[in-house]
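Data block below; observations after.
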Amino acid sequence: MGKNDHRDERVQAVLRLLSKQAPLTTKQEKFCNTACVERFLKAKGENVKKAVKSLRACLSWRDSIGIDHLIADEFSAELADGVAYVAGHDEELRPVLIFRIKQDYPKFHSQKLFIRLLVFTLEVAIGTMPKNTNQMIILFDASFFRSASAFMNLFLAMLKIVADFYPGLLHSAFVIDPPSLFSYLWKGVRPFVELSTVT
């Protein structure tokens, strides 16, 4: 039995277990395509049960956010200000996402709105991916932050969402012009950040 057969078997095992727990809707079935299931398997060390648990958590999270109902109109102010957008593709055709969030953004906007904006931008990027591309680049312009810890909180929340619900999709993330203590804080938290890619 070849490597691909073994992988297909694991993908099928994940899908069987998922639908056994609760039948998948048509949209959930579409989301749980082979590439998606393979990413979750890889993120969970090829462990079928862990991949199923993680994928089920992702599906209910997507439902709770209402991903199918995210529209640009909800973020018209953010889009007009250039807070988050997809800025084209790199030479490998990976979408490049830019985040330019101001330090006081969390004061005036709920965390739920920030998450919806992040997810909307990620979904737009995924929608622009050419057929054989399956990763993205994130650029985070931190020049609007004076506090390294305030920036770190936002940045880590963002990386956690990408790692948990979009495993394997982040090729690399770059922080541009971070607050002065950021590199010291990053060294401290880096070992605890679950990322398959080193940012």
Side-chain angles (χ1 to χ4, degrees), residues 43 57-58 60-129 133-199:
C58 177
S60 58
W61 174 80
R62 288 174 73 84
D63 286 348
S64 75
I65 293 230
I67 280 184
D68 300 328
H69 308 293
L70 287 174
I71 54 168
D73 293 358
E74 186 181 338
F75 313 105
S76 52
E78 285 85 352
L79 294 172
D81 289 344
V83 172
Y85 57 97
V86 179
H89 298 77
D90 71 358
E91 64 280 354
E92 306 281 325
L93 299 177
R94 292 179 289 240
V96 178
L97 289 71
I98 307 236
F99 290 93
R100 299 172 67 242
I101 295 168
K102 294 185 169 68
Q103 181 162 322
D104 55 4
Y105 184 86
K107 278 186 203 159
F108 304 109
H109 302 84
S110 66
Q111 189 180 4
K112 186 181 179 190
L113 185 77
F114 167 68
I115 290 171
R116 287 176 69 81
L117 174 65
L118 168 63
V119 170
F120 173 75
T121 313
L122 289 166
E123 293 291 325
V124 167
I126 290 165
T128 70
M129 282 183 181
T133 305
N134 55 9
Q135 287 190 311
M136 58 181 80
I137 309 269
I138 293 179
L139 301 180
F140 206 119
D141 179 354
S143 59
F144 300 107
F145 280 81
R146 292 168 303 287
S147 159
S149 60
F151 172 68
M152 184 61 89
N153 290 339
L154 193 74
F155 187 57
L156 287 178
M158 197 172 138
L159 288 180
K160 182 163 175 38
I161 287 169
V162 173
D164 289 352
F165 304 121
Y166 297 90
L169 282 182
L170 179 63
H171 178 270
S172 45
F174 299 93
V175 177
I176 301 160
D177 203 6
S180 55
L181 293 172
F182 172 75
S183 55
Y184 297 106
L185 290 174
W186 179 248
K187 278 185 188 129
V189 298
R190 177 69 193 96
F192 306 103
V193 180
E194 276 189 63
L195 277 179
S196 52
T197 46
V198 178
T199 55

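What you see below is based on every heavy atom in this structure, not just the backbone, and it leaves out hydrogens, waters and symmetry mates. The model shown is predicted, which means the values in this text are computed figures rather than measured ones.
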Closest non-hydrogen atom pair between P178 and A142, with its separation: CA-CB, 3.7 Å

If the condition is ring-ring contact (aromatic ring centres under 6.0 Å, His included), which residues does F151 pass it with, not counting sequence neighbours? F140, F145, F155, F182

With rounding to the nearest 0.5 angstrom, report the CD1 to CZ distance, I115 to F165. 8.5 Å

For T128, which residues count as a side chain to side chain donor-acceptor pair (under 3.5 Å) partner, sequence neighbours excluded? H89

So F114 and Y105, would you call those rings parallel, tilted or perpendicular, with 30° and 60° as cut-offs? perpendicular

Side chain to side chain donor-acceptor pair (under 3.5 Å) contacts in which one or both residues fall within residues 137-163, not counting sequence neighbours: D141-S143, S147-S149, K160-D164

Nearest 0.5 Å please: distance from the CG atom of L122 over to the CG atom of L117. 9.5 Å

List in chain and number order the residues that pass side chain to side chain contact (heavy atoms under 4.5 Å, CB included) with K107, two or more places apart in sequence or in another chain; answer none if no residue qualifies. D104

Any residue meeting ring-ring contact (aromatic ring centres under 6.0 Å, His included) with F120, in chain and number order, not counting sequence neighbours: F75

Any pair with a residue in residues 67-76 that passes side chain to side chain donor-acceptor pair (under 3.5 Å), sequence neighbours left out, goes on the list, sorted by first then second residue, please. E74-R116

Taking atom CD1 of I126 and atom OG1 of T121, what is their separation to the nearest 0.5 Å? 11.0 Å

Taken to the nearest 0.5 Å, the spacing of E123 CD from I67 CD1 works out to 4.5 Å

Would you be so kind as to tabulate the donor-acceptor pairs closer than 3.5 Å made by side chains of residues 91-102, with sequence neighbours excluded?
residue	atom	partner	partner atom	Å
R94	NE	D90	OD2	2.9
R94	NH1	H171	NE2	3.3
R94	NH2	D90	OD2	3.0

Does Y85 have any side chain to side chain donor-acceptor pair (under 3.5 Å) partners at least two apart in sequence or in another chain, and if so, which? none

In chain order, what residues pass the side chain to side chain contact (heavy atoms under 4.5 Å, CB included) check against I176, with sequence neighbours excluded? L139

Using every non-hydrogen atom in the two residues, find where G168 and Q135 come nearest and quote the distance to one decimal. O-NE2, 3.2 Å

Could you give the distance from CD1 (I138) to CG (L169), rounded to the nearest 0.5 Å? 9.5 Å

Pairs meeting criterion salt bridge (charged side-chain N to carboxylate O under 4.0 Å, His left out) with involvement of residues 165-182, two or more places apart: none

Within a strict 4.5 Å, meaning less than it, do heavy atoms of the V162 and M136 side chains meet? no

Going by side chain to side chain donor-acceptor pair (under 3.5 Å), name the residues that satisfy it together with D63, two or more places apart in sequence or in a different chain. Q28

